[in-house]
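Read the structure below first, then the notes.
We count residues from 1, following the sequence as given. These numbers were taken from a predicted model, which means no experiment stands behind them.
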Amino acid sequence: MKVLVIGAGNMGLTYAQGMAQSDLLKKKDLLILDSAREKTDALRKNDEFDVYEKIEDCLPQADIVFIAVKPYNSDALFEAIREHKKPGQIFISIMAGVTIKTMQEAMGIKKVVRAMPNLAAKVGHGFTSFTASKQVSRLELLTVERLIDTTGRSILLANEMEIDKSTGISGSGPAYIFYFMQSMMEAAVKMGFSQKDARLMVAQTFQGAVELFNSSDLDPTAWMDRVASKGGTTRAALDSMEENNVKELIKDAAHAAFERAVQLGKENNKEYV
């Protein structure tokens with residue numbers, strides 16, 4: 001099996017490095033394509049994968065192809081893929097908002113997987129939701145899942161609407177966490193802590209909370225009850241959040257991200273739909 005990653009940007013390179021460091025592929029069975037000479041020159045210093053600048057030199061070799069380019073750069077790429085593809089190839093797209101139907105029609109292909117990763121993939125703790133066209137077999141989906149999981153964990157979703165929904169939770173989710181962390185750090189600095197101490201305090205608190213959550217089947221409410229005692233400091237903070245409707249605001253924010261994902265999908269696919 002040979003895997004080609006098209007696009008050596010942040011996420012494309014993340015998947016390439018994750019797969020290269022796994023035991024799923026033999027050395028040199030991982031190919032990477034990018035049109036920027038600076039990137040390809042730098043990548044050639046890494047002997048974990050073969051580097052290409054022309055699609056005709058690498059696409060015909062691949063069994064599975066990751067498309068990791070921005071949607072606004074996709075038109076010319078789709079044309080090139082249509083010209084140089086080979087039968088049976090599986091295409092995995094991490095382009096936000098570009099539908100399976102759009103890719104099938106634009107590239108003249110059948111086997112398409114649409115995936116939505118998040119930023120934590122860069123450190124091996126990402127979460128990717130994905131769905132596929134009906135032409136992708138169950139065995140092929142297992143292979144796709146194993147490749148995706150080299151950057152963290154994943155779930156197979158039933159349809160593309162669920163991909164848009166997952167965008168509002170896991171895709172955009174790290175930014176919500178960073179927003180909350182920034183607020184806590186600013187509160188710590190306002191109380192007189194240094195930036196260095198505030199960063200350590202907040203980072204360790206978040207990491208510890210996640211470890212606790214993953215250590216049992218308790219839901220977040222149960223964990224809050226374990227931390228907060230009646231009339232105590234934690235309860236005062238939680239009561240303040242409830243009074244200020246923070247929970248509903250977070251839900252609204254996640255739904256806003258979902259609605260924007262749907263809107264972007266309509267914009268990106270209007271010429272094909």
Side-chain angles (χ1 to χ4, degrees), residues 11 94 96-97 114-131 148 151-267:
M11 199 54 68
I94 59 173
R114 182 178 165 196
M116 172 52 62
N118 67 14
L119 189 62
K122 292 178 65 64
V123 291
H125 291 283
F127 181 83
T128 301
S129 55
F130 68 101
T131 192
I148 288 174
T151 62
R153 300 183 67 179
S154 64
I155 57 172
L156 174 62
L157 299 178
N159 55 59
E160 292 183 86
M161 181 58 73
E162 291 190 351
I163 292 288
D164 290 332
K165 291 176 181 177
S166 73
T167 300
I169 304 299
S170 59
S172 301
Y176 315 157
I177 307 301
F178 295 139
Y179 188 93
F180 202 93
M181 292 177 75
Q182 181 65 34
S183 300
M184 288 181 66
M185 287 173 61
E186 289 177 7
V189 170
K190 189 175 181 180
M191 292 176 185
F193 293 99
S194 67
Q195 286 281 358
K196 180 180 179 181
D197 287 347
R199 180 186 177 93
L200 176 61
M201 194 181 307
V202 171
Q204 190 64 24
T205 299
F206 269 78
Q207 183 174 344
V210 171
E211 291 295 331
L212 283 171
F213 181 72
N214 286 333
S215 70
S216 78
D217 292 331
L218 291 177
D219 63 22
T221 299
W223 278 113
M224 284 188 284
D225 289 341
R226 287 196 173 194
V227 179
S229 56
K230 186 176 181 180
T233 58
T234 306
R235 181 53 59 191
L238 294 176
D239 288 346
S240 176
M241 291 182 194
E242 286 295 315
E243 290 169 6
N244 286 285
N245 214 29
V246 173
K247 184 185 293 184
E248 294 306 315
L249 291 175
I250 293 172
K251 292 177 185 177
D252 289 345
H255 201 270
F258 160 56
E259 290 180 333
R260 180 57 178 157
V262 173
Q263 182 183 6
L264 285 173
K266 292 178 180 178
E267 292 173 2

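- Once rounded to the nearest 0.5 Å, the distance linking CG of D219 with CZ of F213 reads 7.5 Å.
- Remark: side-chain polar atoms of T205 are paired, donor with acceptor, to backbone N or O of M201 under 3.5 angstrom.
- Contact check on E162 versus K165 returns no salt bridge, with no Lys/Arg side-chain nitrogen under 4.0 Å from an Asp/Glu carboxylate oxygen.
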Can Q263 and R260 be said to form a side chain to side chain contact (heavy atoms under 4.5 Å, CB included), step by step?
-> CA-CA 5 Å; Q263 182 183 6; R260 180 57 178 157; 3.0 Å; yes
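- Between the CG atom of L238 and the CG atom of D225 there is a distance of 9.0 Å, given to the nearest 0.5 Å.
- Counting heavy atoms of neighbouring residues, nucleotides and ligands inside a 6.0 Å radius, atom CD of Q195 does not exceed 12 of them.
- For the atom pair CE (M185) and NZ (K196), the distance works out to 13.0 Å, reported to the nearest 0.5 Å.
- When all heavy atoms of L157 and T131 are compared, the pair lying nearest together is O-OG1, 2.9 Å.
- Of the inter-residue distances, the one linking I155 atom CD1 with I148 atom CD1 reads 11.0 Å to the nearest 0.5 angstrom.
- Here D252 does not pair with K247 in a salt bridge; the nearest charged N to carboxylate O distance is not below 4.0 Å.
- Checked for salt-bridge contact, R235 and E242 miss the test: no charged N lies under 4.0 Å from a carboxylate O.
- Distance OG1/T167 to CE/M116: 3.5 Å, rounded to 0.5 Å.
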Enumerate, atom names and distances included, each donor-acceptor pair closer than 3.5 Å involving a side-chain atom of residues 121-128, sequence neighbours excluded.
{"residue": "T128", "atom": "OG1", "partner": "Y15", "partner atom": "OH", "Å": "3.0"}

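- At a threshold of 4.5 Å between non-hydrogen side-chain atoms, the residues W223 and R226 count as touching.
- Identified under the salt bridge (charged side-chain N to carboxylate O under 4.0 Å, His left out) test for residues 175-188, with sequence neighbours left out: none.
- Taking each heavy atom of A254 and Y176 in turn, the nearest pair found is CA-OH, 3.8 Å.
- Closest approach of S166 and I163 over heavy atoms only: OG-O, 2.7 Å.
- Residue M161 qualifies as open at atom CE: its count of foreign heavy atoms under 6.0 Å is 12 or below.
- Here the CG atom belonging to N244 is positioned 11.0 Å from the CG atom belonging to D239, to the nearest 0.5 angstrom.
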Give the C-alpha distance, both sets of side-chain angles, the deciding distance and a yes or no for side chain to side chain contact (heavy atoms under 4.5 Å, CB included) between M184 and M181.
-> CA-CA 5 Å; M184 288 181 66; M181 292 177 75; 5.8 Å; no
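- The minimum heavy-atom distance between A198 and A188, with the atom names listed, is CB-CB, 3.7 Å.
- The minimum heavy-atom distance between F206 and I177, with the atom names listed, is CE2-CG2, 3.6 Å.
- At most 12 heavy atoms of other shown residues, nucleotides or ligands fall within 6.0 angstrom of atom CZ in F193.
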